[in-house]
Every structure is written in C-alpha cells, then in structure tokens.
Amino acid sequence: MSNFNRRDFLKLSGGAVAAASSMSFSSFAIGGASKKVVIVGGGIGGATAAKYIRMADASIEVTVIEPNANYHTCFMSNEVIGGERTIDSIRFGYKGLQAHGVNVVQDSVTAIDAAARTVKTAGGKSFAYDRCIVSPGVDFRWDTIEGYDETVAETIPHAWKAGSQTVTLRKQLEAMKDGGTVCIAPPPNPFRCPPGPYERASLIANYLKHHKPKSKLIILDPKPKFSKMGLFTAGWEKYYGFKSDNALIEWHGTPEGSKDNVLQSLDAKSRTVKTEFNEVTADVLNVIPAQKAGKIAFAAGLTNDSGWCPVDLKTFESTIHKNIHVIGDAAIQAPMPKSGYAANSQAKVCAVAVVSLLNEMAMPQPSYVNTCYSIIAPGDGISVAAVYRYNNETGKIEGVKGAGGLTPGYDKSTMEMRAREEQYAHSWFKNITHDVFG
Amino acid sequence: MNYKRRLQGIMIAGSVALAGPVFAETPSAAMLGNTCAGCHGTHGNSQGPATPTIAGVSSEYFIDAMMGYKNGDRAATIMDRIAKGYTDEEIKLMAEFFSTQKMERPEQKVDAALAKKGMKMHEKYCEKCHADGGRSTEDDAGMLAGQWTPYLHFTMSDFMSGKREMPKKMKKKVEELQAKGGDAAIEALIHYYGSQK
Ligand SMILES: Cc1cc2nc3c(=O)[nH]c(=O)nc-3n(C[C@H](O)[C@H](O)[C@H](O)COP(=O)(O)OP(=O)(O)OC[C@H]3O[C@@H](n4cnc5c(N)ncnc54)[C@H](O)[C@@H]3O)c2cc1C
C-alpha cells in the first residue's frame, strides 16, 4: 500500500519548487530524534490523517488515541436502522492503521497543554507532540430540550453516533406494532450530515411500507428547509404517499424566525414531544439534539463562541492554539458540510500541512472534495457533490463555480441512473472505509 | 503576478529557513489525486463493487475521459459534476498521478464457463485495440482486464444505447459481435474481463 516514499512525497506535494527547497533540508539529517504527531480521535478525520502522514513520511511517529476498540461508521447506519444491512458491516478496527506503523492507544484524552505540547489521558498517560491533530467529532447541546439528556438517550436514542444506539433504534422499530407512530426530530443547523435525518426518514418509511404499512412517520423539523429537499420530497411522493391523504411520511417545518416545530420538551415515560405547534406521542422516538464540537475541543480551549473550532483553512491549524490542528465535524469549515467525505478530504490537506511544517518545506495549494450519497428507497440513490479551492485573498474555502451540485430530478434522469447511484453509494462506502481504516 | 505571490516564489526558490508555512501556488498531483480516493479507492484502486478503478490507466485515456465529463460529452451519474471543478492543467497533473499507480485486480464473482467463451470473443473482436487481454494501457483504450464488472455493464450499455460514443472502428466490431452473439456475447466478455488477474 505505501508505495510512496518520502522523496516521492516531496516531489509530488510541492511540485518542482518544493523539490528544489528540499535540497537544503536539515531536520532529518541533524536532529536525530523523530518528529511526533499525536492524534485525538480515531474516527474518519483522525484515522485518515494518521494513515496519510505515515504514507507521506514514515519517519514521523504517529499516535492515535481513541477510547473505542472499534469504530462504527455513521454512514450506512441508516441502512442498519431500515433493516437493509447488519451492524457488523459498519464496524471497523485499527489493524489497518497499525500496519501503516501507527501507534494506536485505547484511551480517552482529557487535556491538551498547548504550551507544554502534551496530551493527557483518562488512563493517566502523557504524550508529547510536535504537532497535535484533534478530530473528536460532535457533542450534543443537552440543555436545549427539557427532559432529554444522556441517560434518556439510552432508551430514546439519537443514534447520531453509530453503535449501540443504532441497534436500539432498529430493535424498537422491529418491536413496534403495525399502525404505530414513529417521530424523528432533526437538529437545527449546523449539524453532522445535513441530509442524514432525511435519508433516515426515507429508509424507516421503506421498512414501514413493507412491514407495517398502517404506521406513520412524523418529522418535527426546527428548520424551514433541508439538504436535497426537492429530491427527497419528490422521492417521498413517489414511494411514501407524501402530501397525500394516506401519507406515510409527514414533514412539519419551521418558518425562518418562528419556533413552530422547535422541540421544547420531552416526556420520556409517555414518549411525548412538544413544540409550539405540535404535540406528538410516538411509539418510536428519535430525537437528534443540537450540536457543538466534541468535549475535548472545549476542554483544550479550541472553541469560540459558536461552540465550534476556528482554524486556518489551509493547514487546519487552530487560530487559537499553535501546533494544534482541528479537522472534521468539530472545525469551522463552511462552506464544506460536516460530512465524512469532508473530514476525509480535510484530513489529507491537514496531513500534507503537518508533514510540510515538520519538514520546513513548502506546502502545495489545498484541494478539497465533498460528496454525500443518500438512499431514498432500494434502487434509488441520489448525491450532492462539490469541488473546493482555497482563496488566498480571503482565507476562505470556496466551491468551484459551475462544478458540483445535485443528482437531476426524476424528470431529467432515469431510474436506471438512480439505481446506478445506489450501487455507487455502496461502492463509496467500501472505498472510503478502506481509505480511512485499510 | 502580484507582489505577495512573487515574494512567495522567491522565498521558496531561495529555500530560506522557513519560520511559518510557505505555499506553492498550485495544488500538486497528489493533493488533487488524493481527493478522489473516497470514491475510487486509495491511489485509485477501487474496492468495488461498481466504481471503476482508475489506478494505472493511461494518461491519454484519463485526459480524454475527464475532458469528456467536463464538456458533457460522456454519460455520467456524477463525474460530470466533479470534472468541471478542475482546470485542464490540473487534469494533466492528475493523469500523471493515476497513470503511475499500479492497478490491483480484485477477486470477483464470475462464471468460469462464460469467461472462457468471452476470451475467444475478445481475441476475435477486441484484442486488436485492447491488447494483452484488455490489460494493456499503452494505447488510449482504457483498462478492461480486472475492471469491476458492474461498471463494465454500465459502460457497455451506454455504448450500445448511444449515450457514450464508441470509436468508429470499435463500433464496427461491437456490431459484428452483437449480430453474431447478441447480448449474451457482451455478457461473456464482461465475465472474461472480470476474471482477469
Ligand atoms: C446517520 C448519519 C449518516 C451519515 N452519513 C454520511 C454519509 O453518507 N456521507 C458522509 O460523508 N458523511 C455521513 N455522515 C457524517 C459523518 O459520519 C461525520 O461527518 C464524520 O464521522 C466526521 O468525522 P470526525 O472525524 O469529525 O468525527 P468521528 O468520525 O465522529 O470521529 C471522532 C472520534 O473521536 C473520538 N473521540 C472523541 N472524544 C475523544 C477524546 N476525548 N479522546 C480520544 N478520542 C475521542 C470518538 O470516539 C470518535 O471515534 C453521517 C452521519 C450520521 C450521523
């Protein structure tokens, strides 16, 4: 796999200019001690960064600290909830990273000392770094819905981090009687995976349609619109009677500036949620709370007032603490969405930045891509894609004009193309997980 | 070239000891190529089941394919939207990146008897341009041996329906084959390519 040696990387990453400047490198020849990178979180961003740093420069010591022995991908977890695949098929271990020479430590980071350049863990260990990469994903704003907290979430799952809650939600759907009510409450912006709640709604509706057709799925949304809305609602009309008298899916949105369907409170016992406009008692309730950067980002002082981490979008170095980079969902990375593809793409830009900085060499201009596939029903896949560049003048990431965009609607495409997109979505899953963990 | 850029150029060329990050003016081939891995696999070796492997493709074929997507001449579910994001220069850089990767040919489920039939047809109708059992990347004809079979199905169906234009001489051969063996012959060929290691 690692058919790149350091020389190639220098040549490839910086083009001719970097190759020229690499002639005068001294950090490897003198020094002696190898450079150390510590990565907090072995999720999509963290694992990708670890692998790509090692592929680029195997002289760098890379340690990933991650509390779980296995990672469950959020992507395709909606297919587990809909009954289309098993939880085992979205579980990945760390043998692949270890084969790249990454040191994987099963522990949880409790503090990062930016001045001393050390990371401390719950297990009482301390790790020194030259550069630290933080990719902890999201945490939830538990204070936004009265009656909903981490304990309640064990029985009324958000399932917005894949694993045991994914299985709980699936089991609850299986146990529900025909004629039952399922309620999904998506979060307000910004949140992890913008099309995710609506793909989940589609795949639950697909399950109900075939197994419990008298049931209903109600979405109480705090937003006026959502990602890929036109494509999803057209699909819901096609498969799930959306907008008809016999609708399997109902969507209740919230106009800009009002609070119509913003969740106010939840009664766990009766599984009832209240908004200003609606009160729904459900048999299966899936509440996805508002989000912020993962806990450790707050503990390390990497967040600003928004609850997310400001970074230099070319290197992903924190604008608050030097030598610490933040990637993935936790970073402020707009206009890129908080997605797995984005985290994977940012991790590679960050890996090049870290390797360049540690070797005191020039970094090439970044290039980023995002794609999110969603499945509306078996045989019907859709996607959104974008190619991004860094603007040197503004310091911002920009989508390349004229590129990217959505799958065409049913009127401008064929079901054969939609079926292909479903197969390509499954291929994307295999390729990205192999790129991250393989 | 503005002043700031010129200064950066000088700093890099002069290889001054660098205090902070210094940037080249363009993305490198690897920087660009690594963004495709989420869909095409690390270094372009797809884990399947459908997205094509692009590792080891000839640079000429790669550029043709990307320009076809970019200009809207080639049928696509998503590559048309992606290819429009790159300049012609960047496409050339990526061609260099992917054409120098080694293609890995995966284990695929194929029917051995069909594959054997396909081999005979390949020799008769296709080998002339897709040399070495569809393995050769020396021409501009793309890689067939070891390519993912669902992708080959999609592609052949686009060729047959006219959604993707066939080179004239290839069209002639495919029509001859079709007249003789119908869709079953195409199926056999795909099993043959899928069986190649
Ligand atoms: C239902 C659903 C569907 C989705 N579908 C898609 C999709 O189709 N396509 C797509 O691109 N994206 C999708 N996503 C989004 C994607 O999963 C995330 O954007 C992606 O995982 C973000 O990567 P990350 O590295 O930021 O965080 P994560 O992948 O969540 O990784 C964070 C890791 O850090 C660890 N961690 C946290 N705190 C600490 C600590 N203190 N010490 C050590 N380790 C710590 C965690 O255990 C975790 O392993 C989906 C998400 C959901 C919920």
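The chains referred to below are lettered A, B, ... by the order of the sequence lines, with proteins before strands, and numbering in each begins at 1.
Contact of the A:S427 side chain with the B:W148 side chain is not registered, since no non-hydrogen atoms from C-beta on lie closer than 4.5 Å. With a 4.5 Å cut-off on side-chain heavy atoms, A:K401 and B:K84 do not count as touching. Contact check for A:M417 versus B:K163: side-chain heavy atoms found under the 4.5 Å cut-off.
Contact of A:R389 with chain B is made through the side chain alone, with heavy-atom distances under 4.5 Å. With a 4.5 Å cut-off on non-hydrogen atoms, A:V354 does not touch chain B at all. With a threshold of 4.5 angstrom between heavy atoms, B:N45 approaches chain A through N, CA, C or O but not through any side-chain atom. In this structure, chain A has heavy atoms under 4.5 Å from both the backbone and the side chain of B:T87. With a 4.5 angstrom heavy-atom cutoff, A:Y373 touches chain B only via side-chain atoms.
Of the N and O atoms on the side chains of B:R81 and A:S383, at least one donor lies less than 3.5 Å from an acceptor on the other residue.
For the pair B:I82 and A:A385, the tightest heavy-atom approach, listed with the atom from each and the gap, is CD1-CB, 4.3 Å.
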Evaluate B:T35 against A:K348 for side chain to side chain contact (heavy atoms under 4.5 Å, CB included), listing each step before the verdict. CA-CA 8 Å; B:T35 65; A:K348 290 170 190 175; over 6 Å; no
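Contact count against chain B (heavy-atom pairs under 4.5 Å) is highest for A:N431 among A:T371, A:V387, A:N431, A:V349. Listed options B:A76, B:S157, B:A83, B:A50 were ranked by heavy-atom pairs under 4.5 angstrom with chain A; first place goes to B:A50. Annotation: maximal heavy-atom pairing with chain B below 4.5 Å, among A:F429, A:W428, A:Y424, occurs at A:Y424.
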